[in-house]
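In what follows, a structure is listed as structure tokens, so that the remarks can point back to it.
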Amino acid sequence: MSKRVILGLSGGVDSSVAAVLLKEQGYEVIGLFMKNWDEADENGVCTAEEDARDAGRVADRLGIPFYTVNFEKEYWDRVFQYFLGEYKNGRTPNPDVMCNQEIKFNAFLEYALKLDSDYIAMGHYAQVEERNGKYCLLRGADAAKDQSYFLSRIGQKALSRAIFPIGHLKKQEVREIARRYELETAGKKDSTGVCFIGERNFNRFLDQFLRAEPGEMKTVEGVTVGRHTGLIHYTLGQRKGIGLGGIGNGRPWFVAGKDLARNVLYVAQGEDHPALYSKELTGTDMVWISEEEPELPLQCTAKFRYRQQDIPVIVTKEAGKYRISYPTVPVRGVTPGQAAVLYQAEVCLGSCLIEATVGVDESYVFLQGR
RNA sequence: UGGGCAUUAGCCAAGCGGUAAGGCACAGGACUUUGACUCCUGCAUUCACUGGUUCAAAUCCAGUAUGCCCAG
């Protein structure tokens, strides 16, 4: 009796090829399309419908059963509310990290288990490996597409059931397989934007849910240089949308901080401005994928944003809060709300959520008054 | 109402008689399952205005307008 796998079929190439590979490996594969957001984009296009159709076609071609499941309520309650709450607090959340933690590797997993599934599978570029009785999450083999960052907050229960069929492949190889099997998704462009919500004009999207309060824009030196359209529209390290040109030394401006209480946006000029760099951060809500805290202090590497290059860090813990320091490699634009994901070589150890940072130049501490 | 200086794209700015640098901003695209960053491309048939000199003017001359400075 072959093992049953419920695969998240999104209608993209990656999960399509995952289906192919699972079948080749002899699993009983069931395709499940998740519908978690019910709304057309600003052009009136509902990408979800098209994706569902593509997913269904792939399932047909491969001769696997195909169903749709609706997690709109779960997504709204557990991901979207968090997402809005973070913005309200002046932070920049990462909804897709939460989506994996709460939906794909929780709600979806529970659903699959109820259907007597042995495993769940996803088309992520990441790998699972059992080592000494623990399930480890490894980076995807294609460094350019590695998605372990987004999976850094799932635990042993989910990992013990998870299969990432394409995790050992390069994107190019995935596309080749899709072409060989003549899947309609073979040439489909990679999807971007918030998972399930899609590509949007971000500020307009946020404005539908949150009130943007315009206010003063000041340099970190304290000079008022303009107005901002609402603190929720900016993230630390951001360059586009500040609108300052021709003043100062002529170099570009970047968002350096937010003062929520005074509704002030702080900006700094020049990509090397010290106010933009931090050397340490504190984090909360740590999730260790092994579900066992390693011995601290821990030397490892970390990413503070998706696709950021790994940097060497030291992790310590004081009074329940984690401190991640990187004195040798100052990082620009480390932003509260984002996940600080820890790695030891290819193994993803887990992540915490960035709470605050310590700047390279301590005289800019006021930037923490967000 | 004497003198001096300035006026180049949204902003800053090069140019000093040979047919409009550059930067910032902005727009579009690439990259990207957050949001950024980054990268690529585009962006003054025209130099405050009107005349004149010249084969040729943003560049020289005259006048006008506006702004700044020094004297009154």
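Chain A is the first sequence line, chain B the second, and so forth, proteins listed ahead of strands; every chain is numbered from 1.
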Exercise. With sequence neighbours left out, write down each residue that passes ring-ring contact (aromatic ring centres under 6.0 Å, His included) with A:F209, or none if nothing qualifies.
Key: A:F80, A:F205

Quiz item: Which ILVMFWY residues are connected to A:L276, directly or by a chain of links, through side-chain heavy atoms under 4.5 Å apart?
Solution: A:F254, A:Y277, A:V360

Quick test: give all pairs of protein nitrogen or oxygen and nucleotides 37-39 of chain B nitrogen or oxygen below 3.5 Å, distance rounded to 0.1 Å.
residue	atom	partner	partner atom	Å
B:C37	OP1	A:R239	N	3.1
B:C37	OP1	A:K240	N	2.7
B:C37	O3'	A:R332	NH2	3.4
B:C37	O2'	A:R332	NH2	2.6
B:U38	OP1	A:R239	NH1	3.3

Quiz item: Do you see a donor-acceptor pair shorter than 3.5 Å between the side chains of A:R139 and A:S148?
Solution: no

Quiz item: What integer number of Å spans the C1' atoms of B:C24 and B:C61?
Solution: 36 Å

Exercise. Answer with yes or no whether the side chains of A:H233 and A:D207 bring together a donor and an acceptor at under 3.5 Å.
Key: yes

Exercise. Report the residues that fulfil ring-ring contact (aromatic ring centres under 6.0 Å, His included) with A:Y343, sequence neighbours left out, ordered by chain and then residue number.
Key: none

Exercise. Decide yes or no on side chain to side chain contact (heavy atoms under 4.5 Å, CB included) for A:Y87 and A:T92, but give the supporting numbers first.
Key: CA-CA 6 Å; A:Y87 270 108; A:T92 305; 4.0 Å; yes

Quiz item: Considering only heavy atoms, which members of residues 149-170 of chain A lie under 4.0 Å from some atom of RNA chain B?
Solution: A:F150

Quiz item: Any idea which heavy atoms bring A:A178 and A:V13 closest together, and the distance?
Solution: CB-CG1, 3.7 Å

Self-check item: Dot-bracket notation for RNA chain B, counting Watson-Crick and G-U pairs under 3.5 Å, with | for partners on another strand
Solution: .(((((((.[[[..)..(...]]].(((((.......))))).....[[[[[..)....]]]]]))))))..

Self-check item: Below 4.0 Å: OP1/OP2 of B:U32 and any side-chain N or O of A:Y306
Solution: no

Quiz item: Around atom CD of A:Q172, are there more than 12 heavy atoms of other residues, nucleotides or ligands at under 6.0 Å?
Solution: no

Self-check item: Side-chain N or O of A:K189 closer than 4.0 Å to phosphate OP1/OP2 of B:C31
Solution: yes

